[in-house]
Structure formats: C-alpha cells, structure tokens
Protein chains: 2
Amino acid sequence: MSAIADVARLAGVSKSTASRALSGRGYVSEQTKTKVERAAAAIGYVVSSNAASLVTGRTRNVGVVIPFVNRWFFAEVLEGIESALIGAGYDLTLYRLSPNAALRERIFDYFLVRKRVDAVIAVDVALTAHEVALLKSLGKPIVSIGGDIDGISSLSIDDVRASRFMTEHLLSLGHTRIMHLGGDLNEQMDFRVHTQRLTGMREALDAAGIEHPDDFRAVPYTIPGGYAGALAVLGDPGSRPTAIVAGCDEIAIGAIVAARQLGITVPEQVSIVGIDGHNLAEMFGLTTLEQYPVDQGAKAVEMIMERLTSDRGPLEDERVTMPVHLKVRRSTTAPAGVAVR
Amino acid sequence: MSAIADVARLAGVSKSTASRALSGRGYVSEQTKTKVERAAAAIGYVVSSNAASLVTGRTRNVGVVIPFVNRWFFAEVLEGIESALIGAGYDLTLYRLSPNAALRERIFDYFLVRKRVDAVIAVDVALTAHEVALLKSLGKPIVSIGGDIDGISSLSIDDVRASRFMTEHLLSLGHTRIMHLGGDLNEQMDFRVHTQRLTGMREALDAAGIEHPDDFRAVPYTIPGGYAGALAVLGDPGSRPTAIVAGCDEIAIGAIVAARQLGITVPEQVSIVGIDGHNLAEMFGLTTLEQYPVDQGAKAVEMIMERLTSDRGPLEDERVTMPVHLKVRRSTTAPAGVAVR
DNA sequence: CCATCGAATGGAACCGGTTCCACATGGTCG
DNA sequence: CGACCATGTGGAACCGGTTCCATTCGATGG
C-alpha cells in the first residue's frame with residue numbers, strides 16, 4: 001500500500017515534512033501543506049496507526065471491559081461510551097468479561113496489557129489489586145463504572161441510597177408490608193449491587209421501625225426472573241405484601257406482568273417500584289428511580305480523556321456519584337384500606 | 001518498558017533468537033527457549049502488538065460495524081462474535097454506525113481503513129459499493145450479517161420465507177383475517193427487513209387466495225411500538241383481525257401485552273406470532289420462528305477466519321442462509337368459531 | 001552590519017518487533 | 001568421503017511512521 005514515503009516523493013518533499021503537513025504538528029508552509037495533502041489524496045494514502053502508535057506510544061484506543069452486552073444497563077452504558085469515544089476520535093475495543101476465571105486472566109494478561117489500549121473502562125467489573133497494579137504500572141488510566149475500586153477513579157449511583165429512597169416512597173404512601181424482589185446475593189455482580197439494594201430497603205424499614213421478617217426473595221436479574229418470582233410471592237393471598245421493591249426495572253416489569261396474570265391489580269392490590277429507568281418502564285407504568293447509563297458512559301470517557309490529555313501527570317482518583325431521578329408513574333399508590341393523602 | 005532486546009540481553013541471545021523463542025516460529029533449541037521464556041517472565045515482558053503488526057501486517061483485530069447494541073438481535077449477534085473472536089485470539093473493535101451519514105463516512109475513512117483491523121463484520125449495515133471497494137482494495141475480508149451485499153460474503157436468515165412460513169402457520173389454523181404489525185417501510189434497516197417480512201405475509205395470503213385489504217400497520221420495531229400499535233389495531237372490535245403476524249418478537253410481545261390490557265384473550269380472540277426467538281418469548285408464551293443470532297455471529301467469525309488463514313488467496317463469496325425453527329407456544333390457536341383440527 | 005530568532009525543510013535515528021540471509025555444526029546418505 | 005540437509009544462531013534490513021537535530025533563509029533589532 002501507499003506509505004508516507006510515496007506521498008513525500010510525489011509531493012517532492014521529505015518524509016518528515018510530509019509527516020508534519022499531514023499531522024499538523026510543527027512548521028509547514030501553507031503551500032507545501034496543500035501540496036502534500038493533494039498528493040496524499042491522489043494515491044489514497046491513509047496513515048498506519050500501528051506505525052504511529054509504535055513511535056508515539058499512544059494508540060487512540062480504549063479498552064472496555066464489560067460482563068454483558070445484552071442487558072439494558074450495560075447496553076446503554078456501552079452506547080454512551082461508544083458515542084463519546086468516537087466523538088473524541090478514539091476507537092473502542094470490547095472485552096466481554098465472562099465469569100470464567102481463566103478467560104478473565106487471559107484477557108488481562110494477553111489482551112489488555114499488550115500496549116494496544118491507552119486506557120481502560122471497567123463496567124461493573126471489580127478489578128483485582130493485581131490487575132489494577134498491572135495497568136497502572138503501564139501508565140494506563142482506568143475508570144470504573146458501577147462501583148469503587150481501590151486506587152482508581154470510579155463513577156456510579158449510590159445503590160443503597162437509591163433503594164432506601166424508593167422504599168421511603170412506599171412508606172410515605174402508607175405501606176408497611178414491603179418486600180424486596182432482588183438479585184441472588186451469591187450470584188451478584190462484582191460490586192454487590194444486589195446486596196446494596198437489599199440493604200437500602202432494610203435501612204428504610206428499620207428507620208421507620210417496621211419489622212420485616214421474610215422480606216426478600218432472590219430471583220434472576222431479568223424480566224422472566226421477576227415474573228417467576230412474583231408469581232410465587234403474590235400467589236398466596238395470605239402472605240402477600242402490599243408493595244414490592246424490585247432490585248431493578250426488569251424484575252419490576254416481570255412482577256407487573258405476573259400480577260396482571262394472577263388478576264392482582266397494580267397498584268391497587270400491590271404497589272411495585274423499580275430502580276433504573278428501563279425503556280420499558282413507561283409502557284408498564286412503572287414508578288422507578290431513573291439512572292442515566294448513557295450519561296455515565298459519557299462521563300467515564302470524559303474522565304479518561306482528562307487523564308490522557310493532562311500534562312500535569314496523573315490526576316487524583318475521583319469518586320463521582322451520578323444523579324438519579326424519581327419518576328412516579330402508575331404502579332404505586334396507597335395500600336388498600338389506607339386513604340391516599 | 002521492557003522490549004524484546006532487554007529479554008535477549010538478559011537471556012544472552014540475539015534479538016532474533018529471542019523473537020523466535022517467544023513466537024514459536026523457526027528453529028530454537030529447547031534449552032534456549034526456556035532460557036528466553038524465563039528472562040521474559042523475569043522482567044514482565046509483553047510483546048508490543050503494534051510493532052508486531054507493523055511488520056507482519058496482521059493486527060489480530062476485527063472491526064464490527066453495527067447500528068445498535070441495545071436491541072436484542074444486535075446484542076446477541078455481538079455476543080456471538082465476541083466469544084468467537086476471543087476464542088480465536090482476536091480483538092474486537094466496535095463501531096456503532098449511527099444513521100448519521102457524516103459520522104458514517106468518518107468511521108469508514110478515518111477508522112476502519114487505518115490498517116488497524118484485519119477484517120470487518122457488518123451487522124445489518126449495507127455497505128456501499130465504494131466502501132466495499134475500499135476495504136477490498138486493502139485486502140480485508142468482509143462478512144455481512146443480515147443481508148446480501150454485492151461482492152462480499154453474507155449470512156442471514158431468509159426473511160421473506162420466515163414471514164411467509166409464520167403466516168402459513170396461521171392459515172393452517174384457519175385464520176383468514178390476518179394483519180401485519182411491522183416496521184415502518186421508510187425507516188427500516190439497510191436490508192429492507194421490514195419490507196421483506198411484510199412481503200412474506202402477503203405472498204402467503206396471495207397463495208391462499210385470500211384478500212387482504214388494510215393488512216399492515218407500521219410501528220416502531222420495539223415492545224412499546226408493538227404495544228401502541230396493537231392498542232390501536234385491536235381497539236376496534238369491528239375491524240379486529242383474528243391473527244397478527246408481528247415483524248419481530250418485540251412487536252409481538254408488545255401486542256400481547258396490549259391485548260391483555262384490552263381484555264382480549266390471546267390466543268382465543270386473537271392469535272399472535274413473532275419472528276426471532278427473543279428471550280422474553282417463553283415468558284409471554286409467544287409462538288415464534290426462532291433464529292439464533294449468537295450462532296450467526298460465531299459463523300461470521302468462522303468465515304472471517306477461513307479467509308484470514310487461507311493461503312490460497314481470497315475465497316469465493318458465500319451466501320449462507322442460517323437456520324430457523326418454529327417454536328409453537330400458547331399465542332396461537334384456531335380462530336373463534338373454527339374447530340381446531 | 002552582524003547577531004539573533006522564527007519559519008521551513010531535510011537527514012537520520014528511533015519505536016519494537018519479525019524475517020531474510022549467512023554461517024556453523026553435526027548427522028545421513030550415496 | 002564429499003554432498004546435502006536439518007537444526008540452531010546472530011546480524012541486519014525492514015515495517016511506516018514521528019521527532020530530534022542541523023541547516024538554510026529572511027526578517028528583526030540593537
């Protein structure tokens with residue numbers, strides 16, 4: 001293929017001048033610049049990013065480590081990251097980090113370290129101290145989305161607070177028999193989101209002085225998971241709670257479908273709240289605490305770029321808490337027998 | 001950082017021997033090989049893929065061009081591609097191709113061409129002749145998922161046939177008032193999937209000699225889209241069809257939810273079929289024609305790898321039709337008044 | 001008027017690997 | 001026993017850029 005030497009020859013200048021003309025660095029006269037540009041266009045020249053990276057040490061490529069791409073939150077975050085990176089002129093190399101430990105090690109040692117990425121964004125992946133040290137020793141900025149990791153910047157919502165807030169919303173409506181339909185505490189993501197969202201509800205109930213035996217049922221973190229779980233929970237009229245705090249909107253939506261299936265009206269017979277702001281929430285009238293994963297992805301990129309372009313060495317580690325917003329729809333009301341205020 | 005020259009020095013061999021020892025190419029004695037490996041481990045050496053790519057011309061990196069990551073089909077395909085690529089020791093660079101024409105051109109000219117990828121997989125993106133020529137001139141294999149493109153290999157299901165088949169399923173149950181709830185023909189993806197799935201239904205109806213005025217309503221290709229569309233279509237008892245062929249499972253699921261909302265029983269009062277095999281289909285009892293996007297992604301990678309590893313020049317372009325499978329669940333039955341055979 | 005400086009350019013080193021080629025050695029075969 | 005070949009190793013060129021350094025030239029200024 002055509003190399004910069006060909007361009008230089010055609011334009012009648014040296015390699016170095018051609019390089020300067022095309023990259024815009026250093027002194028080049030207007031005249032030679034257009035001459036070089038014309039020559040480049042004539043032979044369809046494109047820089048080899050490999051060669052450029054080799055000498056500059058920057059790849060203009062960011063690695064994204066993410067456990068799923070087919071779940072709402074992760075897909076949205078990924079979209080946010082992708083848009084922001086493209087906008088900044090960076091490539092995005094995707095590593096889906098399966099739970100498989102061997103594969104995980106391979107991805108780190110084999111892929112991420114090979115000087116192919118300038119930075120890493122970890123989405124809901126708790127990097128080990130070893131992994132962090134490895135990347136840091138290579139001078140690569142890292143940002144974590146979804147949870148704090150020692151020694152690196154991170155960005156997430158406050159999951160405990162989110163869940164407590166939604167529970168307080170139900171309490172304020174007069175509910176006292178509240179249950180959490182959330183993720184399995186043993187199978188949760190690295191940052192213990194499942195535990196935190198359960199904890200938030202319990203904090204709220206404790207603060208209100210409400211007993212809460214039998215307050216939790218573990219289900220898969222999906223719509224079918226919430227559906228199956230809710231069928232079981234709502235099936236027995238005797239022990240039925242008057243309100244459900246779902247671990248996420250997927251679970252909440254599954255629960256709404258299950259309730260309808262059982263002929264239980266939402267919100268009259270059971271109130272249901274979610275956390276997330278899933279794009280199906282509107283359709284199901286779900287009251288939820290919206291978070292904005294696209295913005296989270298964009299913010300992570302912004303933090304990465306600050307670090308990459310900052311001359312004054314690595315910045316301090318930041319802890320950014322991302323905003324959430326209560327969206328009240330039609331899935332919550334006062335429990336039967338209690339007047340709405 | 002440590003370069004291969006450092007390893008060589010430490011091991012007391014030449015650069016070339018060190019390279020051979022670490023890459024496994026060429027003759028190296030067992031003894032020196034372990035010596036070099038030990039030296040490499042001692043100083044934490046990792047190859048620079050940039051340097052290697054520069055000289056070999058292979059990047060071990062595949063570009064994936066995809067319009068969405070937050071829709072079921074695309075997320076599944078992406079997952080299939082990612083797994084297969086990691087397994088083959090390749091990286092995956094993701095380009096989400098927005099409808100924005102300027103950005104699209106930028107992605108091609110600026111990103112894809114810069115010798116950073118060995119091959120390209122296009123998911124539901126109709127590359128222009130110019131784009132194909134560009135990539136081919138660089139010797140990069142391309143595989144298209146989701147539709148045929150002149151001059152390159154492709155892999156997809158037969159969308160017309162799929163839709164015709166599902167319509168025939170409804171016809172065989174005795175339905176005659178069948179309607180298509182599908183994607184907007186003007187806003188469809190590059191490969192006219194929307195048109196094809198509409199066409200399939202019409203072919204089946206024509207073949208059965210059934211008149212089908214007012215047989216189509218365009219809706220967004222999502223669950224809320226199907227929901228809203230079905231509310232409108234099913235709302236009027238007079239003109240209500242006895243069966244709906246949805247353009248995809250998302251639309252079908254939205255329609256099922258809408259029907260339940262309206263108090264219309266599925267399948268007794270209206271049968272609904274989808275196409276896709278969405279992971280919510282089971283929960284909603286949806287009869288659908290399953291396709292297997294994860295397999296499609298894996299197959300695409302396989303085709304790419306064949307081309308990359310084949311010594312005997314570029315292979316011929318292939319047209320692979322991927323398998324589908326009818327999954328009958330509880331959303332279809334004979335129309336009211338017609339005995340089930 | 002000569003020193004100084006900025007603009008413009010070319011030459012050459014360099015980034016970190018891979019690979020071609022030359023050379024040495026020892027074993028096998030005709 | 002010489003030819004040949006497989007094995008093993010080092011030297012050097014090369015991939016395609018970027019950047020440092022030296023050089024030239026014209027303008028500025030003391």
Side-chain angles (χ1 to χ4, degrees), chain A residues 1-37 39-40 43-61 89 110-111 113-118 138-139 311, chain B residues 1-37 39-40 43-61 89 110-111 113-118 138-139 311:
Chain A
M1 303 299 122
S2 57
I4 199 172
D6 304 329
V7 177
R9 199 176 313 121
L10 184 58
V13 298
S14 70
K15 252 175 71 176
S16 39
T17 300
S19 172
R20 279 188 289 256
L22 294 173
S23 69
R25 279 179 288 264
Y27 296 115
V28 189
S29 72
E30 242 355 274
Q31 197 183 339
T32 46
K33 184 168 180 200
T34 56
K35 206 167 51 180
V36 171
E37 278 166 352
I43 61 177
Y45 166 80
V46 281
V47 288
S48 157
S49 43
N50 277 319
S53 297
L54 180 56
V55 46
T56 60
R58 326 294 289 321
T59 60
R60 295 191 78 79
N61 187 20
Y110 183 64
F111 286 97
V113 162
R114 302 169 89 195
K115 298 166 186 156
R116 194 175 255 176
V117 297
D118 288 343
L138 295 168
D311 305 324
Chain B
M1 302 300 124
S2 55
I4 199 171
D6 304 329
V7 176
R9 199 175 314 120
L10 185 58
V13 298
S14 69
K15 252 175 73 176
S16 40
T17 300
S19 173
R20 279 188 290 256
L22 293 173
S23 69
R25 280 178 287 266
Y27 295 114
V28 188
S29 73
E30 240 358 271
Q31 197 183 338
T32 47
K33 184 169 179 198
T34 56
K35 207 167 48 179
V36 171
E37 279 167 351
I43 60 177
Y45 166 80
V46 282
V47 287
S48 156
S49 44
N50 276 319
S53 297
L54 180 55
V55 46
T56 59
R58 325 295 285 328
T59 61
R60 295 191 78 78
N61 188 21
Y110 183 64
F111 286 96
V113 162
R114 302 170 89 194
K115 296 166 187 155
R116 195 175 255 177
V117 297
D118 288 343
L138 294 168
D311 305 323

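Chain A is the first sequence line, chain B the second, and so forth, proteins listed ahead of strands; every chain is numbered from 1. Only a predicted model underlies this, so the values are computations on that prediction, with no experimental measurement involved.
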So, using side-chain contact (heavy atoms from CB on, under 4.5 Å) as the criterion, who are the partners of [X] when residues are at least two apart?
{"X": "A/Ile4", "value": "A/Lys15, A/Ala18, A/Ser19, A/Leu22, A/Tyr45"}
{"X": "A/Ala39", "value": "A/Val7, A/Leu10, A/Ala11"}
{"X": "A/Val46", "value": "B/Val113, B/Lys115"}
{"X": "B/Thr56", "value": "B/Arg58"}

Among residues at least two apart in sequence or on other chains, which ones pass side-chain hydrogen bond (donor to acceptor under 3.5 Å, both in side chains) with [X]?
{"X": "B/Ser14", "result": "B/Ser16, B/Thr17"}
{"X": "A/Thr59", "result": "A/Asp118"}
{"X": "A/Thr32", "result": "A/Ser29"}

key: D/dT18 phosphate, OP1 or OP2, under 4.0 Å from A/Thr56 side-chain N/O   = no
Taking only side-chain nitrogens and oxygens of B/Ser14, does any of them come within less than 4.0 Å of OP1 or OP2 of D/dG10? yes
| the helix from C/dC1-D/dG30 to C/dG30-D/dC1: angle between its terminal axes, five pairs each, to 10°? |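 Comparing the first five pairs with the last five, the axes sit 40° apart.
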| message | Is there, by distance only and without an angle test, a donor paired with an acceptor across the side chain of A/Lys15 and the base of D/dG17 below 3.5 Å? | response |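 Looking at the base of D/dG17, it does pair with a donor or acceptor on the side chain of A/Lys15 (distance under 3.5 Å).
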Where do N or O atoms of nucleotides 4-8 of chain D meet protein N or O atoms at under 3.5 Å, pair by pair?
{"unit_1": "D/dT7", "atom_1": "OP2", "unit_2": "B/Tyr27", "atom_2": "OH", "d": "2.6"}

How many Å lie between [atom1] on [X] and [atom2] on [N], as a whole number?
{"X": "B/Lys33", "N": "D/dT9", "atom1": "NZ", "atom2": "P", "answer": "12 Å"}
{"X": "B/Arg9", "N": "D/dG11", "atom1": "CZ", "atom2": "C1'", "answer": "16 Å"}
{"X": "A/Leu22", "N": "D/dT19", "atom1": "CG", "atom2": "C1'", "answer": "15 Å"}
{"X": "B/Arg116", "N": "D/dG16", "atom1": "CZ", "atom2": "C1'", "answer": "15 Å"}

Handout entry: Within-4.5 Å side-chain heavy-atom neighbours: A/Asn61 and B/Arg116
Key = yes
In B/S/- notation (B base, S sugar-phosphate only, - none; protein heavy atoms under 4.0 Å), nucleotides 21-27 of chain C written 5' to 3' is -------
Nearest-nucleotide pick for A/Ile4, side chain only, options being C/dT18, D/dT18, C/dG10
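The answer is D/dT18, which lies nearest to the side chain.
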Closest to the side chain of A/Ser16, out of D/dT9, C/dG11, D/dT18, is C/dG11
Considering only heavy atoms, which members of residues 43-54 of chain B lie under 4.0 Å from some atom of DNA chain D?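 Residues of residues 43-54 of chain B that come under 4.0 Å of DNA chain D are, in numerical order, B/Leu54.
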Using the salt bridge (charged side-chain N to carboxylate O under 4.0 Å, His left out) criterion, which residues pair with B/Arg9? Sequence neighbours excluded.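 Per chain and number, B/Arg9 pairs via salt bridge (charged side-chain N to carboxylate O under 4.0 Å, His left out) with B/Asp6.
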Quiz prompt | Side-chain donor/acceptor of B/Asn50 to backbone N/O of A/Ser53, under 3.5 Å | solution =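 Between the backbone of A/Ser53 and the side chain of B/Asn50 there is no qualifying donor-acceptor contact (under 3.5 Å).
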When every non-hydrogen atom of A/Arg20 is compared with those of A/Val28, the smallest separation belongs to CB-CG2, 3.5 Å
